[in-house]
Amino acid sequence: DAGVIQSPRHEVTEMGQEVTLRCKPISGHNSLFWYRQTMMRGLELLIYFNNNVPIDDSGMPEDRFSAKMPNASFSTLKIQPSEPRDSAVYFCASRTGTGVYEQYFGPGTRLTVT
Amino acid sequence: QKEVEQNSGPLSVPEGAIASLNCTYSDRGSQSFFWYRQYSGKSPELIMFIYSNGDKEDGRFTAQLNKASQYVSLLIRDSQPSDSATYLCAVTLSGAGSYQLTFGKGTKLSVIP
C-alpha cells in the first residue's frame, strides 16, 4: 500500500510568490491533516478535513493560507503571497474514521521562501 | 491552551541501556496517547499508542500511562544507535477536538555506541 504522498518534496520560492503544496492521502482514509514544523514552534496543526469537509482551520496562521480538498484523494495547501517566515516543513497526514485515531504522515515538503 | 510538554534533551544513553522518555499533558480529558519517532530530515513515524492506564509493550518499546498524574512515558530497552532520533509525544484532545493530535516539541535521543 502506498503511504501518504506529498509534492513537491522541496520548494524554493521568492517572497510574494504563490506556493501550492499537494497531498494524496492513504486510500480509504477519510480524515486529512496539514501540519507545519519549525524548530521554534514544533509540529503545529494548520487545518484538518473529515470526509473532504474542513472541520477546524483555527491553526491557519492568516488569510494568506488556504486549503482545499476537492475529493477524497487530493488536497492542496496554498500560500499567497508567501513570506520568508513561512519557511518550514509542511506535512500532510491521514487517518481512518475508526479505531484509535493514529495518523500517518507523508514525507513532507520543505519550503524555503527567500 | 491545551499543552503537551517534553524535555527537549538531548538525552544521551549508552548502547544497550534503557532510554526513558517522558511527557506530561494538560487536558485531563485526553483519551489516546501516541509516540512518534522522527529521524532528522524525515517525517514522524508512529511507534506506539496507548489509551488505558498501565503499561503496553511492543518489542523493545514500552509505553506507560498514568492518567491521574497526566503522564505518559516511553521506555526503550537495549537501546541501539539506530534509535537515535527525536521522539514526539502526541495526545488527543477531549470532546470536539478528539480528532486532533496535539504534539509535544519532542525529545532528542542520542544512543552512544
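Note on naming: letters A, B, ... go to the chains in the order of the sequence lines (proteins, then strands), and numbering restarts at 1 for each one. Because only heavy atoms are used, hydrogens play no part in the values below, and waters and symmetry mates are left out as well, while side chains stay in.
- Side-chain contact between B:W35 and B:L21 is present, with at least one heavy-atom pair separated by less than 4.5 Å.
- Checking A:Y48 against A:Q103 by side-chain atom types alone, no donor-acceptor pair falls below 3.5 Å.
- Ion pairing of A:R95 with A:E102 is absent here, as no side-chain N (NZ or NE/NH1/NH2) approaches a carboxylate O to less than 4.0 Å.
- With a 4.5 Å cut-off on non-hydrogen atoms, B:Q31 does not touch chain A at all.
- In this structure, chain B has a heavy atom under 4.5 Å from the side chain of A:Q37, while its backbone stays farther away.
- For the options A:G42, A:S31, A:P107, A:A93, heavy-atom pairs under 4.5 Å to chain B are most numerous at A:P107.
- In this structure, a donor-acceptor pair under 3.5 Å is present between the side chains of B:Q64 and B:S73.
- Counting only heavy atoms from C-beta outward, the side chains of A:F74 and A:N52 never approach each other to under 4.5 Å.
- Of the listed residues A:L45, A:N50, A:V4, the one with more heavy-atom pairs under 4.5 angstrom with chain B than any other is A:N50.
- Within residues 102-113 of chain B, the residues approaching chain A closer than 4.5 Å by heavy atoms are, in numerical order, B:F103, B:K105.
- Residues B:T62 and B:E57 approach most closely at OG1-CG, 3.7 Å, considering heavy atoms.
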Quiz item: Hey, mind stepping through A:S75 and A:F49 against side-chain contact (heavy atoms from CB on, under 4.5 Å) and telling me if it holds?
Solution: CA-CA 9 Å; A:S75 178; A:F49 296 83; 4.0 Å; yes
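- Rounding to the nearest 0.5 angstrom, the gap separating the OH atom in A:Y90 from the CD1 atom in A:I79 is 4.0 Å.
- Both the backbone and the side chain of A:L43 come within less than 4.5 Å of a heavy atom in chain B.
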